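Take a look at the structure set out below.
All figures in this text were calculated on a predicted structure; none of them were measured in a lab. The figures here come from the full heavy-atom set of this structure, side chains too, leaving out hydrogens, waters and symmetry mates.
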Amino acid sequence: MPTAAAAPIIRCVQKLVLYETRAHVYTQQEVRELLGRLDLGNRTKIGQKGSSGLSRAVSAFGVVGFVRFLEGYYIVLITKRRKMADIGGHAIYKIEDTNMIYIPNDTVRITHPDEARYLRIFQNVDLSSNFYFSYSYDLSHSLQYNLTILRMPLEILKTETIQTRQESFDIFEDEGLTAQGGSGVFGICSEPYKKYVWNGQLLDIVKNTVHHDWLLYVIHGFCGQSKLLIYGRPVHVTLIARRSSKFAGTRFLKRGANSEGDVANEVETEQILCDASVMSFSAGSYSSYVQVRGSVPLYWSQDISTMMPKPPITLDQADPFAHIAALHFDQMLQRFGSPIIILNLVKEREKRKHERILSEELVGAVTYLNQFLPPEHAIVYIPWDMAKYTKSKLCNVLDRLNVIAESVVKKTGFFVNRPDSYCSILRPDEKWNELGGFVVPTGRLQTGVLRTNCVDCLDRTNTAQFMVGKCALAYQLYSLGLIDKPNLQFDTDAVRLFEELYEDHGDTLSLQYGGSQLVHRVKTYRKIAPWTQHSKDIMQTLSRYYSNAFSDADRQDSINLFLGVFQPAEGKPHLWELPTDFYLHHKNTMSLSQTRRSYTYWWTRGVLNHLPLPYDEVTCTENRRKLIVKKFHKYEEEIDIHNEFFRPYELSSFDDTFCLAMTNSIRDFMPKNVGIDPSPFTVRKPDETGKSVVGNKSNREETVLQRKTAASAPPPPSEEAVSSSSEDDSGTDKEDEGAVSQRSTPVKMTDTGDNIKITENIVQSMKDMYGINLSDVPSEDDLTIYTRFVQLGQNQHKQDKNNQQLCSKHRLDGVINLIHISSFSQDNIYEVQPPKVDKKSIDIFHAHIQAGRGTMQPLVKEDILMYREYIRNRYM
């Protein structure tokens, strides 16, 4: 079935100016008049210049939404933005500053005594802290979803196409310019995924009345991008975290799940890898991997009134049929497909039963739900007491996590928008052949997702997600043909860059939910953290405790007001008068549901029919209703990604356009030693960074050091089958005693005065130097190939008789004759003959000369149409 040339629809309302006038009601005709006329008509006296009736209030980059408390409406505008990432030419911006403006004029305002307090509570949600938006890329969906809808079959797009420019005014519409040439492009825009949109409630009042270009959806979480340079080839590594707006809140005030299956601290993390040398979704190479974190999907909470560092865990309601867990996993099956893999990191063995309460209840819920699912789509449960293994001296935590990560990635696969490389067919890899997911002619799709949780879903969860992401990153690099084996070692520039991204990601999410940065990091579990890190960990723990005890309640009220969970009204108790917000987040406590879900068929109808594919990405009638499909002329600005990225009609800077301040693997991570191996996959010494310079070693010694360090890095651990039973918690550490650490051992260099040892380090075997053992005498076939290679480098236009004799002597009659690719018939170091120029090119050149002298050629019809097309695309 043929596919269409589709492109994302770009929102054209990207800059706006808000003007404020005196109280007056304008008709539609008056709105279209010039601002000068409005200014003149609103002055107190005609001709008076001192008091203008029209004042410029603010310039903005978008509308966050509209909110009303007890008086009139406020408009929330984005006044400052900063470009954070670029995906296929589509810019992702971070909100730097906002402005709230009261819409009604002061002359008609009726004041309320509690309005100012609600305004302060609303503004406690700092929109300049980790809120992101894009004019052309849907941040609420994954890259796999966004690129899947762009590859919909042509027949479906034709049936879903709606008329474009319904309310626009086109001065060339009568001439039918858009129909000329027949080169139409389909533009596609999808409804956002409401769970990850944070200003959905603020836009609801205008969603059905204004043009789609005015709706700018904002997500909350994290967005970071770094540049990985592989011998000069730029590869962008992007990390996007989407925090759920359902059951959102702070650490101890939001635990477990609500009545609709939405869990606390739910974050979807997506790592995107793209070849930055090609800026196109259709021609570029893109890959992504998605994983999720979230609280245990049960009715549970912790009482913080006791002022204890670890309040006791309480199960609030009995749920024998796992109703809440069923709602939660039903959402995941629709969005991610199967299998759903749960990695539970809570403690299994405790002197006093604390975290184990959640494990026991979760095991029962998963066991109950699995008995109704087909075995091939069952939920996979992996319990692993990470805290116990961290305390063990015989076990390396990251080695065990690496084994789990390999098993998970093999089951879920990952997304890539191109078929397998030919090199992977020539040199097949065992791990690649065992990879799961769903293979399509255009690439691979990720089916299923890993769901990681501990109690807080902060420190342990972030480290586990980093290890899974590191494993997936190796497969992504291999799928794009950037490495020869899907393996990545620690202490390489690539992994250091990725680790820094994940630590920023973990710190940001931890601040949003827990009130402090991460306490335990990847270096902590690798046991290479400096001794000063322990004091920092103590300070972060105290900061988290203070935030949870004294400021979380105010932050929770702000979130409830911002998300519309609580809406002020006259005659209704105020937000600060409520003893609890339990009834606001659990809708079944306010009204009984008219329909009751089945306890056995607990999934949504139609989901199982398409597994392992996610139901949201299947081409069905329900999903097609969520799409907006329009047909555009190929030059229209709504689908012109070139103009959107480069902004040829605006004064822009290189720093903003190309993100020159982005973290760079060569500038920030590669050591600055002369003669260093520039590959980002070479293992470095643990203390080597982009700022370290070791000057007491010669260049040759440094090169030897890099090779020896790379050779001394241990291979990845052998593949193990990670079962869904709790075999890791049997109490024995036998399987972990023999685990080999992935950390590279630094090579100790000898003193420069010890000539004998230096010689031993420098003189190496062929195997160490080149990776293969070279034979003493090349074979006759190898000599023939080498001679042909020499012949290719010689000038084929000036072959002398000696070369011909040499060819006949070695019987090389099949030497390749090079064919001219130059436009010059003679093009070498001895002579150059210019090419012949056709008459059309000569005429264009003469017309250019005449124009410089003041003699203009008359315009033809094609020139007029081209100029009108330019004016229409630029100003209409």
Side-chain angles (χ1 to χ4, degrees), residues 221-222 224 237 239 241 251 265 267-271 289-296 341-348 355 382-392 395-409 449-474 488-492 494-514 516-530 533-534 536-537 540-541 544 686 716-717 722 728 736 739 741-743:
F222 173 80
V237 182
L239 203 61
R251 184 185 178 199
N265 195 22
V267 181
E268 177 182 301
T269 300
E270 180 181 20
Q271 61 188 57
Y289 183 78
V290 178
Q291 47 185 326
V292 177
R293 69 171 69 182
S295 187
V296 179
I341 304 175
I342 303 173
L343 178 57
N344 187 17
L345 302 176
V346 302
K347 297 177 181 178
E348 296 287 337
E355 296 184 9
I382 305 175
W384 192 59
D385 190 345
M386 188 171 175
K388 183 189 77 172
Y389 279 88
T390 304
K391 297 176 182 178
S392 174
C395 173
N396 187 301
V397 176
L398 299 188
D399 282 344
R400 183 58 183 163
L401 278 176
N402 188 70
V403 176
I404 296 175
E406 287 282 355
S407 174
V408 168
V409 175
V449 73
L450 172 67
R451 186 193 189 279
T452 310
N453 72 267
C454 50
V455 176
D456 297 324
C457 301
L458 297 179
D459 300 341
R460 287 174 283 180
T461 298
N462 196 72
T463 302
Q465 284 194 331
F466 164 74
M467 289 302 298
V468 177
K470 170 178 167 290
C471 177
L473 180 66
L488 285 178
Q489 300 291 337
F490 276 106
D491 295 322
T492 59
V495 174
R496 285 177 176 176
L497 178 144
F498 189 66
E499 181 182 341
E500 184 180 86
L501 264 180
Y502 248 97
E503 288 204 351
D504 293 343
H505 159 268
D507 285 337
T508 303
L509 298 182
S510 183
L511 278 169
Q512 294 167 6
Y513 183 65
S516 73
Q517 295 182 347
L518 291 174
V519 177
H520 303 296
R521 304 173 180 274
V522 177
K523 289 184 175 61
T524 306
Y525 292 102
R526 291 184 67 191
K527 299 178 181 178
I528 62 172
Q533 185 65 37
H534 299 293
K536 294 180 181 179
D537 293 347
Q540 294 297 341
T541 303
R544 185 176 294 181
V722 183
D728 294 328
D736 298 289
S741 173
Q742 262 194 306
R743 288 175 287 160

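Taking 4.0 Å as the cut-off between side-chain N and carboxylate O, Asp459 and Arg521 do not count as a salt-bridged pair. Between Arg293 and Glu268 there is no salt bridge, since no side-chain N of the basic residue sits under 4.0 Å from a carboxylate O of the acidic one. Residues Arg526 and Asp399 are not paired through a salt bridge, judged by the lack of any N-O separation under 4.0 Å between the basic side chain and the carboxylate. The residues Glu355 and Lys388 are annotated as not salt-bridged, no charged nitrogen and carboxylate oxygen being separated by less than 4.0 angstrom.
Between the side chains of His505 and Thr269, a donor-acceptor pair is found at a separation under 3.5 Å. Counted by atom type alone, Asp456 and Asn265 present zero donor-acceptor pairs between their side chains at under 3.5 Å.
For Lys470 and Phe490, the positive end sits near the middle of the six-membered ring, less than 6.0 Å away and at most 45° from its axis.
Here the side chain of Tyr525 pairs no donor or acceptor atom with the backbone of Val397 at under 3.5 angstrom. Thr492 contributes a side-chain N or O that, together with a main-chain N or O of Gln489, makes up a donor-acceptor pair within less than 3.5 Å.
Each of Thr508, Val267, Leu458 was evaluated against Tyr513; a single residue qualifies, Leu458, per the side chain to side chain contact (heavy atoms under 4.5 Å, CB included) test.
At a threshold of 4.5 Å between non-hydrogen side-chain atoms, the residues Val292 and Thr452 do not count as touching. Looking only at side-chain heavy atoms (C-beta outward), Arg451 and Ile341 stay at 4.5 Å or farther from each other. Put simply, the side chain of Ile382 does not reach to within 4.5 Å of the side chain of Ile342, judged on heavy atoms.
The CG atom of Asn462 sits 12.5 Å away from the NE2 atom of His520 when rounded to the nearest 0.5 Å.
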